[in-house]
Number of protein chains: 2
Amino acid sequence: MIYDSLIHYIQERSQSTLMPSDIALIREAFVYKKLRKRQFFLQEGDICKHFGFIVKGAMRQYTVDQKGSEHTIQLYIENWWASDRESFWKETPSIYAIEAWEETDLLLLPKANGSYERVNAIPAFNEMRIKLDDNNSIASQRRLRASMFDTAEKRYEELTLRYPEFIQRFPQHIIASYLGITKETLSRIRNQSAKK
Amino acid sequence: MIYDSLIHYIQERSQSTLMPSDIALIREAFVYKKLRKRQFFLQEGDICKHFGFIVKGAMRQYTVDQKGSEHTIQLYIENWWASDRESFWKETPSIYAIEAWEETDLLLLPKANGSYERVNAIPAFNEMRIKLDDNNSIASQRRLRASMFDTAEKRYEELTLRYPEFIQRFPQHIIASYLGITKETLSRIRNQSAKK
DNA sequence: AACGGAAGTTGACATAGATCAACGTTTTTT
DNA sequence: AAAAAACGTTGATCTATGTCAACTTCCGTT
């Protein structure tokens, strides 16, 4: 069953135990949705109305600048939470798009109709969420530091170590834009390292 | 009283009301500490044992690389929370230093002796914390995007708009390193803009 | 007030990575 | 299977920003 992976995910990341009533609430609150390749979870200009848990698949979040180049902000695979927090919280139009890169199974937690609050009130969920936020904050600080102070080559190497899945599942030009470099530069970096 | 500013801060950022017992707990859990200019809240290699709420003052968080140059990761002023989350959570030695840039009044929430858990169990505090985490996550995503895709000049302009206080209270070379550029480049950017 | 150190400026030069353009390869669509 | 689109590579050149070094200005300490 599709909900099992979410329930397992929550349980694994908290001390508290999920009660049967909690599980019932989760099944009720989260809505299943399947996206085909290249379908959008969120389009630029729309308000992000869900937190999405990825059961299976891969997605990417990006913006397009005035010149028409895409900048990849985040990549997502199984067991990641996809959302534009700013748009979700402030209910403002998003500047990002989030697109399924592979066929993707999602469980959507809507902001509307109190689902979000009721789920957050589950102790195990709240614990998991605090840990998730901490890890996000640690990861984005790391990524920021790297983007400001490390070379493109070092950032690529670190990515291959930390998230090897990304490299296998997304094409090079997307990896490049996630690293904040051009596809040409990434191609050269890869040729360089290959020679070593 | 020094605790009032913290209590006011929490109350302002939550729906729930702080009960007298909550306030008593906060006064008990948070420890007051004054740092003089250039004193450290955290030194590189130490484990970060507190979340620090800044009542008054200004601090900065930085690393020193192999070449001896300092990279400023974060600046803090009144009503900001200072901490190295990674070190705090994982209880690993920090790669950062956090230093008082002005004389600073802090309220420290220790990780030890259950203070942290008890305070987090206060509903108003938990709500405030969720909002704080969301805002941090939004801010660091914004900063990451800017560092990867905007020019130094644009990043400086945005900083002057978003956090004008930083520019007034920290010297230029620290602002430069917060922006991920050298002091020479920042100096040139400022001269450029002045001419316009 | 005068000294010493920290902060900021300016110029000459170096370099990582971007841009542009052409071409090769792989994948998708028909 | 052919055509089209997406993806990746390579070379030439350009540009924003870094590096190094000399100099000036400001500020805190005595």
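Just so it is clear: chains get the letters A, B, ... in the order the sequence lines come, proteins before strands, and each one is counted from 1.
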Take the protein atom [atom1] of [X] and the nucleotide atom [atom2] of [N], then report the distance between them rounded to whole Å.
X	N	atom1	atom2	result
R169(A)	dT27(C)	CZ	P	17 Å
E102(B)	dC27(D)	CD	C1'	16 Å
N191(B)	dT25(D)	CG	P	14 Å
H173(B)	dG18(D)	NE2	C1'	17 Å
D65(B)	dG18(D)	CG	P	13 Å
I175(A)	dG8(D)	CD1	C1'	14 Å
W101(B)	dC27(D)	CH2	P	14 Å
R38(B)	dG5(C)	CZ	P	14 Å

Cationic N near anionic O, under 4.0 Å, D84(A) to K90(A): no
I'd like to check C48(A) versus Y96(A) (side-chain heavy atoms, cut-off strictly below 4.5 Å). Are they in contact? no
Do the non-hydrogen side-chain atoms of N120(A) and E117(A) ever get within less than 4.5 Å of each other?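 No; the side chains remain at least 4.5 Å from each other.
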Strictly distance-based, threshold 3.5 Å: is any side-chain N or O of [X] a donor or acceptor partner for the main-chain N or O of [Y]?
X	Y	result
E70(B)	S177(B)	no
E102(B)	K37(B)	no
D150(A)	K154(A)	no

Can you check each nucleotide of nucleotides 14-21 of chain C against protein heavy atoms at under 4.0 Å and return B for base, S for sugar-phosphate only, - for none, in 5' to 3' order? ---SSBBB
Identified side-chain contact (heavy atoms from CB on, under 4.5 Å) counterpart of K34(B) within the set D105(B), I2(B), T104(B):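 It is D105(B), the one option of D105(B), I2(B), T104(B) that forms the side-chain contact (heavy atoms from CB on, under 4.5 Å) with K34(B).
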What one should report as the nearest heavy-atom pair of F88(A) and S83(A) is CB-OG, 4.1 Å
Rounded to 10°, the angle between the first-five-pair and last-five-pair axes of the helix from dA1(C)-dT30(D) to dT30(C)-dA1(D) is 60°
Which residue is it: N136(A), D134(A), N135(A)? I am looking for the one with a side chain to side chain donor-acceptor pair (under 3.5 Å) to R85(B). D134(A)
Tell me whether R13(A) forms a cation-pi arrangement with Y9(A), defined as NZ or CZ under 6.0 Å from the six-membered ring centre and within 45 degrees of its axis.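 Yes, R13(A) and Y9(A) form such a contact.
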Taking the six-membered ring for Trp, are F166(A) and Y163(A) parallel (under 30°), tilted (30 to 60°) or perpendicular (over 60°)? parallel
Please state whether the phosphate of dA6(C), meaning OP1 or OP2, lies under 4.0 angstrom from any side-chain nitrogen or oxygen of Q172(B).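 So the side-chain polar atoms of Q172(B) never come under 4.0 Å of the phosphate oxygens OP1 or OP2 of dA6(C).
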N/O-N/O pairs, protein side and nucleotides 28-30 of chain C side, under 3.5 Å:
none

